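Since this is a predicted model, take the numbers as computed values, not measurements. Numbers restart at 1 for each chain; the letters A, B, ... are given by sequence-line order, proteins then strands.
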There are 2 protein chains.
Amino acid sequence: MNPSQHSDESTSDFTGRFRHEVLAAVFQVRERRLHSLLWRRARSPFEGDWALPGGPLGRVELLGSSLSRHLAAKVDLTDIAYLEQLETRSDVDRDPRERTIATAYLALVSSALNPSIPSDTAWFAVDELPATAFDHASIIQSARERLRAKLTYTNVGYALAPETFSIAELRVIYAACLGHDVSATNLQRVLLRRHIIEATSVTATPSASGGRPATLHRFTERTLLVTDPFAVFRPPSERP
Amino acid sequence: MNPSQHSDESTSDFTGRFRHEVLAAVFQVRERRLHSLLWRRARSPFEGDWALPGGPLGRVELLGSSLSRHLAAKVDLTDIAYLEQLETRSDVDRDPRERTIATAYLALVSSALNPSIPSDTAWFAVDELPATAFDHASIIQSARERLRAKLTYTNVGYALAPETFSIAELRVIYAACLGHDVSATNLQRVLLRRHIIEATSVTATPSASGGRPATLHRFTERTLLVTDPFAVFRPPSERP
DNA sequence: GGAGGTTTTCGACTATTAGGCGTAAACCCT
DNA sequence: AGGGTTTACGCCTAATAGTCGAAAACCTCC
């Protein structure tokens, strides 16, 4: 093979152009369960089914900016605490109308918020989804797995939790995302040791049901930090 | 906001179409260092600089298939042991000729192979890259980080190592990817405990330099397995 | 065929981290 | 004040990681 055979570029003007859309799995913990924001389709295809919010990419727009714009415009959602690109889907007939490539994002909303959303959108518990449009159900699954993984080796929790919270509240959030029970003792110990959360000096206002008021904690950083997952094989002498 | 304002779809025929290409950071451990396969550009822009292998997406082609096709056609590379989608770059002027969206992949090649590659391609150690074209250098960085992370909580090592190997050989591979020294004792103990590798009954042929011949090991599975990274917070009673 | 060198393997010991549990602390209400 | 409830925390055990050194199994050379 010689260089002159690398001819794709010389014919690039004849290669395809593709419709491109951005989508987001918007997650929030509501009533002890992980929910995703869905939007009811008013027209064919998949009329009446529920779809992820998003929309077409603009001509001079970045993928991430495009998504923020669509979320703000379509579902009045501007308080996205965390946004991360997930994956790009390219199945030729994922949209029956025209081939459309979709780049999916994971978006997280604090459980302290209750954003006002349009009447044709709703929150659904991710393990009780309604009939969904396109390949959106499988995108939600990918997003769940990404979130599960990130929760364990990063501090993304800050995007789901309120500014300050009790360990019990945090436990609910982690359990909802991970899909299994979580030990409060271990959760607190591990997150403290990793310096992901820290105690504040204030305690929660006592609840009517009695009980010792919890000391409120906060996330030390509110930007993404990964707790070095390479520790296993690294000589301890070189650790931070 | 009411449903009739979700109008992007009704105007979808007027939204942009975009050129889309696939790229791969093809990694292999060569001479104790992590290398990436690059391709020398014969024409403007970035003439003479080195670029990731890849090419334009076909009209009815999946991203992954497209990449395999380009790798096979352009660099005679058919022995990709592992392929994973990395991220999609959308910067408007990442290609000065025309806006081109790129989906980047991570591809791994066994260190036991020495594929014949065209004369205008070459392997470069990832920490001594030549002048690179477009945003390809930063894609290589992303790929390195992904590889580092995956090595620690999955068995992707199978894609980089030979069928069977001594612990010493495996140590070299891990060290090259992680960028720091690795303890052979811990490496063996951790991977054995996780059942990622297992000992075979054969020993390596003794080297000319003497020394006890190593027992050869192999990866238990040669498909991707993630060692549950959620163990930290999960009640031990529920673990596999 | 033994001596000395080289490389791998393995066991012993220590340090660190995770998990379980019970008790104390700090609030509620009556 | 006493009973109920929830959180906090210390103690103990188990599991995993890290260090080190000795032994095993090969080589070459004398």
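Residues passing the side-chain contact (heavy atoms from CB on, under 4.5 Å) test with B:S110 are B:A112, B:L113, sequence neighbours excluded. In this structure, the side-chain contact (heavy atoms from CB on, under 4.5 Å) partners of A:Q85, at least two apart in sequence or on a different chain, are A:L63, A:T88, A:T103, A:Y105, B:E87, B:T88. Applying the side-chain contact (heavy atoms from CB on, under 4.5 Å) rule to B:A184 yields the partners B:I167, B:R171; only residues at least two apart in sequence or on another chain are considered. In this view, A:E221 and A:N155, A:T223, A:L225 satisfy the side-chain contact (heavy atoms from CB on, under 4.5 Å) rule, not counting sequence neighbours.
For the pair A:L192 CG and D:dC9 P, the computed distance is 9 Å after rounding to whole Å. For the pair A:I167 CD1 and D:dC9 P, the interatomic distance rounds to 10 Å; values are reported in whole Å. Rounded to an integer number of Å, the gap from B:F165 CZ to C:dT7 P is 21 Å. The interatomic distance linking A:N186 (CG) with D:dC9 (P) rounds to 15 Å, in whole Å. As rounded to whole Å, 16 Å separates atom C1' of C:dG20 from atom CG of A:L187. Residue A:H180 contributes atom NE2, which lies 11 Å from atom P of C:dG19 at whole-angstrom precision. With rounding to whole Å, B:R194 atom CZ is found 17 Å from D:dA15 atom P. The nearest whole Å value for the distance from the CG atom in B:L216 to the P atom in C:dT7 is 17 Å.
Classification of A:D49 and A:R41 as a salt-bridged pair fails, no side-chain N sitting under 4.0 Å from a carboxylate O.
Residue A:A168 is classed as a sugar-phosphate contact, given heavy-atom separations below 4.0 Å to backbone atoms only.
For A:P213, counting side-chain heavy atoms from C-beta on, the closest listed nucleotide (C:dT9, C:dC27, D:dT7) is C:dC27.
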Protein N or O to nucleotides 10-14 of chain C N or O, pairs below 3.5 Å:
none

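Screening residues 152-163 of chain A for salt bridge (Lys or Arg N to Asp or Glu O under 4.0 Å), with sequence neighbours left out, gives A:E163-A:R222.
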